[in-house]
Amino acid sequence: MSGKRSYQDPCGVARALDLVGERWALLVVRELLLGPKRFTDLRAGLPGASQNVLAQRLRDLEGTGLVRRRKLGPPAGTWVYELTERGRGLEPVLVTLATWGSRQPMTSAGDLSADALILALRTTFDPAAAGPLRARYQLLLDDDRYLARVSGGRLEIARTAQDGAAIRPSEPPDATLTSSVGTLRAVVFGDLDLAEAQRRGALRTEGERAAVARFVGLFARPAPAE
């Protein structure tokens with residue numbers, strides 16, 4: 001890590017920022033929270049980062065032991081980046097930071113990546129709205145697949161693909177929602193009515209209608225910071 005800038009401050013905050021304080025570093029971690037990705041997938045999730053900057057951040061994160069690069073086994077056979085155990089320790093930090101940031105004024109009209117939307121769902125989930133609900137939802141967002149489980153007032157979401165191969169849920173979901181990332185974001189957080197999105201064909205659903213309506217109502221719009 002020679003030549004890398006340091007705050008030269010013994011505070012734990014400063015020492016953490018020495019590792020992940022560079023521009024795009026924490027967003028790279030965000031994109032890897034749900035599993036490994038190829039460089040091209042990371043670029044798709046972080047379109048504002050140039051190829052050179054993204055490559056440098058990955059080298060930095062590898063150098064600090066937060067990210068590693070490995071080759072997937074057959075049939076994929078491609079190289080991917082993934083978080084190390086140390087890197088995964090940043091998950092609660094990112095969740096807390098996302099919760100805090102969601103209350104700040106919106107300053108970008110850009111699109112969310114699929115994983116960024118999943119993080120937004122996690123941080124805005126309302127246990128009170130869920131109540132005793134127990135349900136499983138499959139989310140098919142562009143080229144990404146996720147399985148969401150709601151139970152005991154908790155939400156768990158995992159990517160249903162591993163090592164480049166899609167994995168079917170072990171049990172049929174109560175409902176499947178298929179849309180673009182932008183459409184689901186607009187239905188959950190914006191002003192697009194669920195029925196209207198379905199009428200347009202922008203959001204297709206399978207399974208129980210009541211389960212679908214229940215799912216999109218599980219997320220609270222963050223109150224603006226005072």
#### Entry: Which residues share a side chain to side chain donor-acceptor pair (under 3.5 Å) with Thr178, sequence neighbours left out
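For Thr178 there are no side chain to side chain donor-acceptor pair (under 3.5 Å) partners, ignoring immediate neighbours.
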By side chain to side chain contact (heavy atoms under 4.5 Å, CB included), which residues pair with [X], not counting sequence neighbours?
| X | answer |
| --- | --- |
| Ser102 | Pro222 |
| Thr205 | Leu177, Gln198, Leu203, Val212 |
| Asp9 | Tyr7, Cys11, Ala14 |
| Ala55 | Phe39, Arg59 |

Identify every side-chain donor-acceptor pair in residues 22-31 under 3.5 Å, counting partners at least two apart or on other chains, and give the distances.
residue : atom : partner : partner atom : Å
Glu31   : OE1  : Lys37   : NZ           : 2.7
Glu31   : OE2  : Ser113  : OG           : 2.6

### Where at least one partner belongs to residues 179-197, residue pairs that pass side-chain hydrogen bond (donor to acceptor under 3.5 Å, both in side chains), sequence neighbours excluded
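Listed once each, the pairs are Ser180-Thr183, Glu196-Arg199, Glu196-Arg200.
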### side-chain hydrogen bond (donor to acceptor under 3.5 Å, both in side chains) contacts touching residues 208-218 (sequence neighbours left out)
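Counting only pairs at least two positions apart or across chains, no side-chain hydrogen bond (donor to acceptor under 3.5 Å, both in side chains) contact touches residues 208-218.
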Just distance, no hydrogens or angles: give the donor-acceptor pairs under 3.5 Å from side chains in residues 79-89, sequence neighbours left out.
residue : atom : partner : partner atom : Å
Glu82   : OE1  : Arg70   : NE           : 2.9
Glu82   : OE1  : Arg70   : NH2          : 3.3
Glu82   : OE2  : Arg68   : NE           : 2.8
Glu82   : OE2  : Arg70   : NE           : 2.8
Thr84   : OG1  : Gly65   : O            : 2.6
Thr84   : OG1  : Leu66   : O            : 3.3
Thr84   : OG1  : Arg86   : N            : 3.4
Thr84   : OG1  : Gly87   : N            : 3.1
Arg86   : NH1  : Thr64   : O            : 2.4
Arg88   : NH1  : Leu83   : O            : 3.2

### Query
Excluding sequence neighbours, so at least two apart, what forms salt bridge (charged side-chain N to carboxylate O under 4.0 Å, His left out) with Arg134?
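Per chain and number, Arg134 pairs via salt bridge (charged side-chain N to carboxylate O under 4.0 Å, His left out) with no residue.
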### Query
Quick one: salt bridge (charged side-chain N to carboxylate O under 4.0 Å, His left out) partners of Asp41, sequence neighbours excluded?
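Once residues adjacent in sequence are excluded, the partners of Asp41 under the salt bridge (charged side-chain N to carboxylate O under 4.0 Å, His left out) criterion are Arg38.
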### Residue pair Arg5 / Asp18: nearest heavy atoms and the distance that separates them
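Smallest interatomic distance, heavy atoms only, reads O-OD1, 4.3 Å.
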### Message
Going by the rule ring pair (Phe, Tyr, Trp, His ring centres under 6.0 Å), which residues pair with Tyr137 if we only count those two or more places apart in sequence or in a different chain?
### Response
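Testing Tyr137 for ring pair (Phe, Tyr, Trp, His ring centres under 6.0 Å), a comparison that skips the adjacent residues, returns Phe215.
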### Other residues, nucleotides, ligands: >12 heavy atoms within 6.0 Å of Arg204 CZ
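It does not: Arg204 CZ has 12 such atoms or fewer within range.
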### Query
Got Leu139 and Ile118 here, is their nearest side-chain heavy-atom distance under 4.5 Å?
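They are in contact (side-chain heavy atoms under 4.5 Å apart), so the answer is yes.
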